[in-house]
Number of protein chains: 2
Amino acid sequence: MAVQGQQTNVPIFQRIKDYILNEIQLGHWREGDVIPTEQALSIQFAVSRMTVNRALRELTSEQVLNRIQGSGTYVAQQKYQATLVTVKNIAEEIRARGHVHRSELHCLERSKANELLAKQFGLRAGHMLFHSIIVHFENDIAIQVEDRWVNPDVAPDYMLQDFSVVTPNEYLMVAAPLQGADYSIEACVAPKEITEMLAIGQKEPCLVLKRKTRSMDGIASVATMWHPGHRYQFSGSFS
Amino acid sequence: MAVQGQQTNVPIFQRIKDYILNEIQLGHWREGDVIPTEQALSIQFAVSRMTVNRALRELTSEQVLNRIQGSGTYVAQQKYQATLVTVKNIAEEIRARGHVHRSELHCLERSKANELLAKQFGLRAGHMLFHSIIVHFENDIAIQVEDRWVNPDVAPDYMLQDFSVVTPNEYLMVAAPLQGADYSIEACVAPKEITEMLAIGQKEPCLVLKRKTRSMDGIASVATMWHPGHRYQFSGSFS
DNA sequence: GAGTGGTCTAGACCACAAT
DNA sequence: TTGTGGTCTAGACCACTCC
C-alpha cells in the first residue's frame with residue numbers, strides 16, 4: 001500500500017547499502033565516523049533489523065565498514081589500491097593463450113631440509129622433503145623454471161606423479177587444498193643454472209615469484225618461480 | 001536440550017559452511033554438482049532456512065558455490081590461486097615500516113602526448129598532459145622512481161600540488177576517485193636516467209610496476225614505477 | 001504446478017562495550 | 001545497566017526454473 005517512490009525492484013538491503021555508500025562518497029560520513037545503529041536505520045527505512053543487518057554485514061565483508069560488537073559501526077579506512085595477480089596454473093595459462101605447453105623435469109628427489117628450508121616449513125633441519133625442478137615451455141620457448149620443495153607429510157604421493165602430464169600445481173591443488181599463501185615478487189639476476197635452463201643471458205633480469213602455500217596440515221610447499229624478464233610479466237586489472 | 005556434540009561456540013551458519021567446504025574438499029561434491037537444497041539442509045541441521053540461506057549466500061559471494069533461482073545450488077569451478085598485491089601509497093608504506101619518507105621532484109611539466117601516450121589515454125596525439133617524475137626515498141635511500149602522466153581533464157589542479165607533502169597517489173585518490181586500474185609487473189634493466197636517480201648500477205635489474213588508473217571521466221593517469229631489484233619487492237599473503 | 005532460491009518480518013536471546 | 005552488534009527462528013510472499 002505504502003508507495004515510497006522507489007525506482008525499481010531493488011531489494012531493500014541493497015538500497016540501504018547504496019544509501020550508506022552514497023553518504024560516504026558525499027563525505028557526510030568520513031573514515032572512522034560512527035554511522036547510525038541497526039535500530040536507527042531500521043526505523044529510518046521502516047524495515048526489520050535483519051534487513052539492515054544484512055546490508056551492514058555485507059558492507060563489512062566488502063571492507064567498507066568496521067563493526068565492533070557492543071560499540072558501533074564505523075566507516076573503514078579508505079581502501080588501498082590493490083593489485084590482483086591471478087597466478088593460474090602455468091600450463092592452463094599458456095593453453096589459454098592458444099599456445100603449446102611442454103615441460104621438462106630436471107630434478108625429482110628426496111632431500112633433507114637445510115636450516116633455511118626447515119624454518120620455512122616449520123620443521124626441524126634434516127627433515128625429509130621432496131624437491132622438483134621443472135622447466136615450462138611456451139611454444140618451445142622456456143618461460144618458467146619452477147623450483148619446488150614439498151612437505152611429504154602433506155603430499156606423500158608427490159614423487160609418484162608424472163609431471164609431464166600434471167603440473168605440481170595441479171597435483172597439489174587436489175592433494176592438499178590450499179588454505180592460503182605468502183608470496184613475494186622480485187627482480188633479480190638468476191644463478192647460472194637457472195639462466196641456462198631458461199636459455200637467457202647470465203646478466204639478464206629475471207622476474208621471480210616466491211610462494212609458500214599453506215594447507216590444513218601445515219606448510220605444503222615452498223616454490224621459487226623464475227621467469228625471463230624480457231618475455232614474461234604479471235598483469236591484470238581490478239575495479 | 002538437544003546436545004549435538006558441538007565442539008565450541010561456532011555459529012550454526014559457520015558450521016554449515018564448514019560442512020559444505022569439507023564435502024567439497026573430500027570430493028563428495030564435485031565441480032558442477034548440485035548440493036542439497038536450503039530446505040534439505042535446514043532439516044538436516046535442524047535449523048531455520050534463514051540460517052542455511054546465510055551459509056549458502058556467503059559461500060556464493062566467496063565464489064565457492066553458484067546459485068540459480070528456481071534451479072538449485074551448484075559447486076563452482078575451482079578457484080585459481082590469486083595473489084593480492086596491495087600497492088599502498090608509497091609514503092604510507094614507508095612510514096608503516098617506521099622509516100622516514102622523503103621525495104625529490106625531478107620534473108613537473110605540461111607536455112604534449114606522443115602517439116603511444118595518446119593511445120593509452122584514449123586521446124588524440126598532441127593533447128596536453130601533465131607529467132611528473134618523482135624519486136621516493138626510504139631513510140635517504142632511493143627506492144622508487146615514479147614517472148607519471150596525468151590527464152588534465154580529470155585532475156586539472158595537478159600542477160598546483162606540493163609533491164613534497166602529498167604524493168601524486170594521495171592527490172589523485174582524492175581528486176579523481178579511481179574506478180579501476182590495469183597494471184603489469186615486470187623485471188627489466190632501466191634506462192640510464194632511471195638508474196642514476198635510483199643510484200644503482202646500469203645493469204642492475206629493476207622491478208617495474210606500470211599502472212593505468214581509470215576514473216569516472218576516463219583514464220586519469222598512467223604511471224611507471226621503477227624499483228631497485230635488490231632492495232625492493234612486492235609481497236603479501238592471501239587465504 | 002511443484003520445487004527452488006531471493007527476500008523480508010517481528011520478534012528473541014546472547015556477548016560485548018561503554019558508562 | 002544500557003546500548004550495541006551477532007545470531008537465530010518460524011513463518012511469509014515472490015520470481016524463477018523445470019517438468
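Just so it is clear: chains get the letters A, B, ... in the order the sequence lines come, proteins before strands, and each one is counted from 1. The figures that follow rest on heavy atoms only: side chains count, while hydrogens, waters and symmetry mates do not.
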Does one side chain, of A:D18 or A:Q14, offer a donor that lies under 3.5 Å from an acceptor on the other?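 Side-chain D/A pair, A:D18 to A:Q14: present.
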Does a side chain donor of either B:R57 or B:N53 reach within less than 3.5 Å of an acceptor in the other side chain?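 Note: B:R57 and B:N53 side chains meet the donor-acceptor criterion.
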Between P of D:dT4 and CZ of A:R57, the distance in whole Å: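 After rounding, the gap between these two atoms is 19 Å.
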So, for A:F163 and A:Y158, is the gap between ring centers shorter than 6.0 Å?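 They qualify: ring centres under 6.0 Å apart.
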Indicate, with a heavy-atom threshold strictly under 4.0 Å, whether A:R49 touches base, sugar-phosphate, or nothing.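 Counting heavy atoms under 4.0 Å across all strands, the contact made by A:R49 includes a base.
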Mind checking if A:L56 touches a base, just sugar-phosphate, or nothing, with heavy atoms under 4.0 Å?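 Contact class for A:L56: none.
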If you count every heavy atom of other residues, nucleotides or ligands that lies below 6.0 Å from B:K212 atom NZ, does the total exceed 12?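 Yes, the 6.0 Å shell around NZ holds more than 12 heavy atoms from other groups.
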After noting the C-alpha distance and the side-chain angles of B:R97 and B:E138, does the key distance pass the salt bridge (Lys or Arg N to Asp or Glu O under 4.0 Å) rule? CA-CA 10 Å; B:R97 283 196 282 267; B:E138 176 166 0; 2.7 Å; yes
Shortest non-hydrogen separation from A:R148 to A:S221 and the atoms involved: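 For A:R148 and A:S221, the tightest heavy-atom pair comes out as NH1-OG, 2.8 Å.
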Go through it in stages, so that I can follow the logic: the residues are B:Q120 and B:D182, the test is side chain to side chain contact (heavy atoms under 4.5 Å, CB included), and I'd like the CA-CA distance, side-chain angles, deciding distance and then a yes or no. CA-CA 11 Å; B:Q120 290 191 278; B:D182 306 309; over 6 Å; no
Residue closer to the 5' end of DNA chain C, B:Q69 versus A:S71 (nearest nucleotide):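 Nearest-nucleotide comparison on DNA chain C picks B:Q69.
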Residue mapping more 5' on DNA chain C - nearest nucleotide basis, B:G70 or A:R54: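 Looking at DNA chain C, the more 5' nearest nucleotide goes with B:G70.
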Please report the end-to-end axis angle for the helix from C:dG1-D:dC18 to C:dA18-D:dT1, five pairs per end, rounded to 10 degrees.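 Roughly 10° between the end axes, to the nearest 10°.
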Working to the nearest 0.5 Å, report the span between CD1 of B:I90 and CD1 of B:I134.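 Here the interatomic distance stands at 11.0 Å.
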Students should find this one: the first and last nucleotides of DNA chain C, 5' to 3', lying under 4.0 Å from a heavy atom of chain A. What are they?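 It runs C:dT7 to C:dA17.
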